[in-house]
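Here's the structure we're looking at; comments come further down.
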Amino acid sequence: MSSQYVCGNNTKVFVCNDRVSLCLSETEISLSEAERDTINKYWKEAVDKNPDLFDGVVLSIKSVKKLSHEIKIELEKTRYSHMTYLMNHKNENITKCRAVAVGGNIVTADGYYVFGKMSDHTSFPGVIQCIGGGLSEEDIFDGDPVHTFLRECREEISVTSDDIVSIDHKKYFYIRDNQSTVGICYTARIGLMKDTLLQRFEETATDGEIESLVFVNETYEAISDLLMQPSVVDYAKAIFGKQLLDQSFGDIREYDFG
């Protein structure tokens, strides 16, 4: 898998102040036999290199409706192999997938942003990213994507909903080239100090996708140093880069998902 896709992409970031709701359709993305053969060949090569990879279900955007105070996203199923094939093969004539990921910028009680460095057995080894991951069917019981963020916090770094002091109403949408990934990024403050969180992570985190935690102080200098690292995920560079330069974000309602 190519980490360049999630670190060096020309990712667009938009702000969203409306409610976001999700619903799952009964359809799956339909691939032709030729497309399936192409993706299966790629996936076999990927698994030969990394046997820990798993071709699970991925939820992709089927349609987006912008209502008066709500953005309603309808989802359909595809496979992880389909999504990662598109990530690693630009301009290929393969049916598009718009997989949804949800994560967040977590801030500790003593003023540190929390990032995770991805483990070697994952698709993107060594990448420094916000805590979060792919949307799962189990998260859509009331349509609110925040449940994915809360689940990933619990699984990846042992932060529970009781630890979270606040989640900002304002969210960021990030959209990668060809819409192959659409992400929602929250900002959450937790009641744990940096050292307490680190100790809990080292003692109880069992997910295994995060190799180590990366803490960055809420200062201009510290965040600037973070953005200089080539292994930092693209959407974090876009969000923090604009914030440091005091630049405004476009509104997600102005983006054409068609």
Side-chain heavy atoms of [X] within contact of [Y], under 4.5 Å:
X	Y	value
T108	M193	no
I157	L213	yes
C185	N105	yes
V159	F201	no
V15	K170	yes
L226	F115	yes

Q | S123 vs Y80, side-chain hydrogen bond (donor to acceptor under 3.5 Å, both in side chains): CA-CA, chis, key distance, verdict | A | CA-CA 11 Å; S123 295; Y80 187 72; 2.4 Å; yes
Q: To the nearest 0.5 Å, tell me how far L135 CG sits from L59 CG.
A: 5.0 Å
Q) CZ of F173 to CG of D251: how many Å apart, nearest 0.5 Å? A) 10.5 Å
Q | Contacts of type side-chain contact (heavy atoms from CB on, under 4.5 Å), residue E45, not counting sequence neighbours | A | K41
Within the 3.5 Å criterion, strictly below it, is a donor on [X] or [Y] matched to an acceptor on the partner's side chain?
X	Y	value
D55	H82	no
T95	E35	yes
T84	Y42	yes
D234	T11	yes
S60	E76	no
T187	Y172	no
E74	S63	yes

Q: Report the residues that fulfil ring pair (Phe, Tyr, Trp, His ring centres under 6.0 Å) with Y255, sequence neighbours left out, ordered by chain and then residue number.
A: F14, F257
Q. Just wondering, more than 12 heavy atoms not from E33 lying within 6.0 Å of its CD?
A. no
Q: Check whether more than 12 heavy atoms from other residues, nucleotides or ligands sit under 6.0 Å from atom NZ of K117, and answer yes or no.
A: no
**Q.** Ring geometry between Y112 and F215 (parallel below 30°, tilted from 30 to 60°, perpendicular above 60°)
**A.** perpendicular
Q. So, the side chain of R200 versus the backbone of S158: is there a donor-acceptor pair under 3.5 Å, distance only?
A. yes
